[in-house]
Engineer: 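Input: one structure, supplied below.
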Amino acid sequence: VSELRKDVLTGDWVIIAGDRHGRPNDFSHHSEPCSDIESCPFEPGNESQTPPEIDAIRPEGADRSDWSVRVVPNKYSALSPEENESSEPESNFPQRKGIGSHEVIVESRDHRTTLGGIPTDQMNRVLKMYRRRFQTLLADDRFKYVQFFRNEGPEAGASMRHPHSQILALPLVPSSVRDRLRISADYFLENDHCIVCDQIERERAADERVLEVTEQFLVVCPYASRFPYEICFLPRIHDHDFRNLNQNQRNELAQLLPCWANRLAESANSPPFNLIIHTTPVQNSNPPDEPPVGDYFHWFIRIIPRMKRIAGLELATQTHINTVPPEQAVDELTE
Ligand SMILES: [Zn+2]
Ligand SMILES: [Zn+2]
């Protein structure tokens, strides 16, 4: 079992997971991403090679291998669910057991496809499953925060070629999420508005970084993009919680995500990227003297291309150097 350790200097928690050492890596020699399909545990027919299935979408009465989306525990889980958590005594070296859940969502039957290659109807099913996993995991009161991420390409952290995403339930709210909540809450208390709703208005008014406006979403390269070609998908109707994703939003996202992943691939030579869903932590972590998190927090999705290496400056100061201004990124992505 892994262990969570708190850095007392920063308040950040670290997952110490010795077990993950030795997990497979299709890309260990920076070769072409063409892992062996026969031995791929995410292939239809290879279901017995994964830990027992958690969830799946398949036609009623269909065979086990006749799935369109499949969810399994991460074989090399960073955290694992346990019966209960014993409270650790106060210590100079704060730690807690690595209780959590680490799931893999297999998004396609096609080993070689990418986010940009997933057809709209399949992406719709995949988004349905994302939402279902958030609902299930956030209903478990051992978990305080759920992070969804999708790594595409070895430099973005993908160790398997087969298209998949990951969802990690944590027994705590990470300090970066707390910071984001604090900034949003302070803004709300001062302005009586949601900071993201206001930013949506500002970006639309400025009209320099907007990629697309649909009925449900604003797609932008954010003003202070930390990474070249960063893309944000902001729901235009205020909502703090990805679990409230409705059918209209899902239908639009099912087109928007593959579409902009393709544009990114065309404009920037298929960079590796991470796709992240930022959503609310469990609501009962809200202190009574603060406004309800639903008033001030606003969920969104971000694509972060990984074309530059995180170097010393970024590591030391969280201050990023981005050599592609978002205004230029918009020009190139919409060419
Ligand atoms: Zn595969
Ligand atoms: Zn809002």
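Atoms within a ligand are numbered from 1 in the order they appear, just like the ligands themselves.
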Engineer: Between R125 and W67, is NZ or CZ placed under 6.0 angstrom from the six-membered ring centre and within 45° of the ring axis?
Structural biologist: no
Engineer: For the Zn ion (ligand 1), which N, O or S atom of E43 is at the shortest distance?
Structural biologist: OE2
Engineer: For the Zn ion (ligand 2), find the closest N/O/S atom belonging to H298 and write down its atom name.
Structural biologist: ND1
Engineer: Does the side chain of D241 reach to within under 4.5 Å of the side chain of V293, using non-hydrogen atoms?
Structural biologist: no
Engineer: Looking at H162, which of its N, O or S atoms is the nearest one to the Zn ion (ligand 1)?
Structural biologist: ND1
Engineer: Do any N/O/S atoms of C194 come under 2.8 Å of the Zn ion (ligand 2)?
Structural biologist: yes
Engineer: For the Zn ion (ligand 1), what is the closest N, O or S atom on H111?
Structural biologist: ND1
Engineer: State whether a side-chain donor-acceptor pair under 3.5 Å links Q199 with R202.
Structural biologist: yes
Engineer: Mark yes or no for whether E47, through its side chain, and G45, through its backbone, hold a donor-acceptor pair below 3.5 Å.
Structural biologist: yes
Engineer: I'd like to know if the side chain of S108 reaches the main chain of P163, judged simply by a donor and an acceptor atom lying under 3.5 Å from each other, with no hydrogens or angles considered.
Structural biologist: no
Engineer: Please report, to 10°, the angle around the Zn ion (ligand 2) from atom ND1 (H238) across to atom SG (C197).
Structural biologist: 110°
